[in-house]
Amino acid sequence: MPARQPLNLYAAYAANFPGPQAVLLTAVDGREYTYADAEAESARVANLLCELGLQPGDRVTVQVEKSPQNLFLFLGVLRAGMTYHPLNTAYTDDELAYFLADAAPSLVVCDSTRYEALRPLCASANVRHLHTLDDAGAGSLADLAGRCPARFETHASDAGDVAALVYSSGTTGRPKGIMLTHGNLESNASTLAKLWGFSARDCLLHALPVFHVHGLFVAIGCVLMSGASMRWLPRFDVEAVLAALPHSSVMMGVPTYYTRLLADARFDAAACASMRLFVSGSAPLLADTFHAFEARTGQRILERYGMTETGMNTSNPLQGERRAGTVGPPLPDVAVRICAPDGRQLPRGEVGDIQVRGPNVFAGYWNMPDKTAEDFTADGYFVTGDKGLVDDQGYVAIVGRAKDMIISGGLNVYPKEVEQVIDALPGVLESAVIGLPDADFGECVAAVVVTDGSAPVSAGTVRDGVRETSANFKVPKHVFLVDELPRNTMGKVRKDLLRRRFAGQAPS
Ligand code: MCA
């Protein structure tokens, strides 16, 4: 048992807050929220959670649109010592039913438009409280919190307590809850804020969603650990980014953000004059994008590598050479090694399984001790499932993924999850879901489908069938109907052949 170490992520952030009147966030309507507002509003939320009878460690599930009040809700949950469980707003009721049954939250917060749909789901999952928060910051949660005191003594959490539960799917198609502790999130945010030179003078252009590690812990973490401020956009939008750039100094995004910006002629060196840093992650940044970005703006995008289970692991340097096609050396407090399938550590330059160890690495999967044990080595390294190498300069390059996961616009899609939905559709015998190159999303979801003749099947019926039960980003952009799937002698579908055959094809 590791020794207890008092640490609450909010308290770690707050130790770096500048004066109370310093601006933390400027919303898209120009409204400013100070650090004092964040302190007061998060205190109101924390008081409300306690009033509702929630206990430290209880899960608070949040599926709401991005708003400043969403940020205060996150901070309030941390302060009260509860576990924040954010969900993509694209998740459907079917997906939600699974998350609620698995996470067993005491409180669910949703948009008011979703209240009626969520009521029965919450009832069957025995969720005690359901409240609303809409994109303008109104709703029953805001009403109740507004009546609570604006002071709260932040709970004395332990570094090993679970601050957030973030789900990620897997090879089985069954999403796993990833337990991120106060210690994980604090160490990664403070390391990154230092490494990337954040200070109170910075203003981060925040266009990412706040239900993933990138937007929630990396972007917000760097700001709160350095007393910086944010330009807060409700979602990524080229027009809004162009308007916010002159007021900002740092931006974080997935590669799709940068390719969409490059597609607009107004995005040039002058538009980026106040910017000191662009960070990219969550999906591979093509060397072409890196070079086109530099040619247009004079800035070299800093690419880094992370995952939900670990936060960030490696980063190209702030000072020093940022190399296209690499994700840079390991962070100072993170160990990265490359191993052969038999576990033997490989020398520099050789491709193998990427394994990581450090204070950033999660505490395990929620209620899945066997799966946790499977993904860690005996000496405590997490087996990421990514393949890569460390070059002679110590830079890590990712060359592939072991688990044939698709990354579309920075969102992970596990083929199995989509295949299970397609296979259950009328007229479908079987399917194989693959990632194909896509100019906008980097990679997109495509389905190769074999029919059994019992019902008519078309690209439209397949897409509609997936859309009914699954988040929109999982809906195949392309559907190919074939007579049979290619298999190897073991009967396993040869997805490599399918990818080769269908790359570059975009039928209806
Ligand atoms: C939306 N659509 C997508 C995606 N997003 N399809 C595939 N992949 C996507 N990522 C669907 C929409 O539902 C719509 O479908 C159609 O594609 C076009 O929508 P559009 O309006 O263009 O999309 P958008 O609203 O502009 O969103 C695209 C986006 C967004 C801006 C790239 O997906 C995004 O912000 N992605 C970032 C995700 C992120 O934060 N990842 C970090 C994960 P239809 O018309 O059929 O309805 S954290 C992580 O990965 C680790 C830890 C790390 O290292 O950071």
Side-chain angles (χ1 to χ4, degrees), residues 169 171 173 254-260 262-263 280-293 303 305 324-327 351 385-389 397-423 425 428-451 457-467 470-508:
S169 201
T171 42
V254 300
T256 299
Y257 292 8
Y258 298 128
T259 52
R260 287 188 182 181
L262 283 171
S280 178
S282 312
L285 179 74
L286 296 181
D288 282 354
T289 310
F290 178 92
H291 294 303
F293 201 93
E303 185 174 8
Y305 161 63
T326 81
V327 290
V351 173
D386 289 326
K387 299 242 177 235
L389 58 84
I398 315 289
V399 301
R401 295 185 289 270
K403 314 166 179 171
D404 60 0
M405 183 183 80
I406 301 164
I407 308 183
S408 173
L411 295 173
N412 297 354
V413 180
Y414 285 84
K416 187 83 189 163
E417 224 182 339
V418 185
E419 285 162 3
Q420 282 169 346
V421 176
I422 297 176
D423 292 353
L425 296 175
V428 171
L429 181 65
E430 61 173 348
S431 64
V433 166
I434 53 173
L436 291 181
D438 182 274
D440 187 26
F441 292 119
E443 210 175 17
C444 68
V445 176
V448 186
V449 179
V450 183
T451 58
V457 176
S458 67
T461 62
V462 171
R463 277 205 285 260
D464 290 347
V466 177
R467 193 185 301 278
S470 314
N472 54 20
F473 61 88
K474 299 180 194 168
V475 176
K477 302 265 188 254
H478 308 297
V479 177
F480 306 95
L481 301 180
V482 298
D483 292 334
E484 61 178 351
L485 297 174
R487 292 193 138 81
N488 65 15
T489 48
M490 308 292 289
K492 197 169 161 0
V493 175
R494 292 283 309 270
K495 290 196 172 178
D496 55 328
L497 294 182
L498 292 175
R499 279 190 286 265
R500 221 174 302 151
R501 176 169 163 201
F502 293 111
Q505 292 191 31
S508 61

Peer 1: Is there a donor-acceptor pair under 3.5 Å between the side chain of Asp423 and the backbone N or O of Ser431?
Peer 2: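 Such a contact is found between Asp423 side chain and Ser431 backbone.
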Peer 1: Looking only at atom types and distance, does a side-chain atom of Ser458 sit under 3.5 Å from a main-chain N or O of Thr461, one as donor and one as acceptor?
Peer 2: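 Present.
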Peer 1: When you measure from the side chain of Lys495 to the backbone of Val433, do you find a donor-acceptor pair of N or O atoms at a distance under 3.5 Å?
Peer 2: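 It does hold such a pair.
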Peer 1: Leu436 and Phe502: which non-hydrogen atoms are nearest, and at how many Å?
Peer 2: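 Result for this residue pair: CD1-O, 3.7 Å.
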Peer 1: Does anything in residues 405-417 pair up under salt bridge (charged side-chain N to carboxylate O under 4.0 Å, His left out), and if so which pairs, sequence neighbours excluded?
Peer 2: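 Only Glu417-Lys474 qualify under salt bridge (charged side-chain N to carboxylate O under 4.0 Å, His left out).
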Peer 1: In Å and rounded to the nearest 0.5 Å, what is the CG to OG distance from Leu286 to Ser280?
Peer 2: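 If we round to the nearest 0.5 Å, Leu286:CG and Ser280:OG are 9.5 Å apart.
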Peer 1: Do Arg501 and Ile434 have side chains that get closer than 4.5 Å, going by heavy atoms?
Peer 2: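 They are not in contact (no side-chain heavy atoms under 4.5 Å apart), so the answer is no.
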Peer 1: Only counting residues at least two apart or in another chain, list the ones meeting salt bridge (charged side-chain N to carboxylate O under 4.0 Å, His left out) with Arg467.
Peer 2: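 Residues passing salt bridge (charged side-chain N to carboxylate O under 4.0 Å, His left out) with Arg467: none at all.
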Peer 1: Taking the side chain as every heavy atom from C-beta outward, state whether Asp440 and Thr256 have any atom pair closer than 4.5 Å.
Peer 2: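 Yes - at least one pair of side-chain heavy atoms lies under 4.5 Å apart.
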Peer 1: Test Val457 against Leu425 for side-chain contact (heavy atoms from CB on, under 4.5 Å), laying out the working first.
Peer 2: CA-CA 9 Å; Val457 176; Leu425 296 175; over 6 Å; no
Peer 1: Minimum heavy-atom separation for Cys444 and Ser408, please, with both atom names.
Peer 2: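 What the structure gives for the nearest pair is CA-OG, 4.2 Å.
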Peer 1: Could you pull out the closest heavy-atom pair between Val475 and Val445, with the gap in Å?
Peer 2: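 Taking Val475 first and Val445 second, the nearest heavy atoms are O-CB, 4.4 Å.
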Peer 1: Which heavy atom in Val421 sits nearest to a heavy atom in Gly465, and how many Å separate them?
Peer 2: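 For Val421 versus Gly465, the nearest heavy atoms are CG1-O, 4.0 Å.
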Peer 1: Could you tell me whether the side chain of Phe293 reaches within less than 4.5 Å of the side chain of Leu285, counting heavy atoms only?
Peer 2: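 Answer no - side chains too far apart.
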Peer 1: What distance separates Ile422 CD1 from Arg463 CZ, expressed to the nearest 0.5 Å?
Peer 2: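 The distance works out to 11.0 Å.
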Peer 1: Report the distance from atom CG of Asn412 to atom OG of Ser169, rounding to the nearest 0.5 Å.
Peer 2: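 It is 9.0 Å, given to the nearest 0.5 Å.
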Peer 1: With a 4.5 Å limit on heavy-atom distance, are the side chains of Pro486 and Leu498 in contact?
Peer 2: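 Yes, at least one pair of side-chain atoms sits under 4.5 Å.
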Peer 1: Can you name the nearest heavy-atom pair linking Val493 to Ala432, along with the distance?
Peer 2: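 What the structure gives for the nearest pair is CG1-CB, 4.1 Å.
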Peer 1: Evaluate the side-chain proximity of Ile398 to Pro284: yes if any heavy-atom separation is below 4.5 Å, no if none is.
Peer 2: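 They are not in side-chain contact.
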Peer 1: CZ/Arg494 to CZ/Arg487 distance, rounded to the nearest 0.5 angstrom?
Peer 2: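 So the CZ of Arg494 and the CZ of Arg487 are separated by 12.5 Å.
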Peer 1: Which atom names give the shortest non-hydrogen contact between Val482 and Leu485, and what distance separates them?
Peer 2: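 Looking at all heavy atoms of both residues, the shortest contact is CG2-CD2, 4.1 Å.
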Peer 1: Determine whether Pro415 and Ile406 make a side-chain contact, defined as any pair of heavy atoms from C-beta on separated by less than 4.5 Å.
Peer 2: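 Yes, at least one pair of side-chain atoms sits under 4.5 Å.
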Peer 1: Within the structure provided, determine whether Leu481 and Val479 are in side-chain contact (heavy-atom separation under 4.5 Å).
Peer 2: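 In contact.
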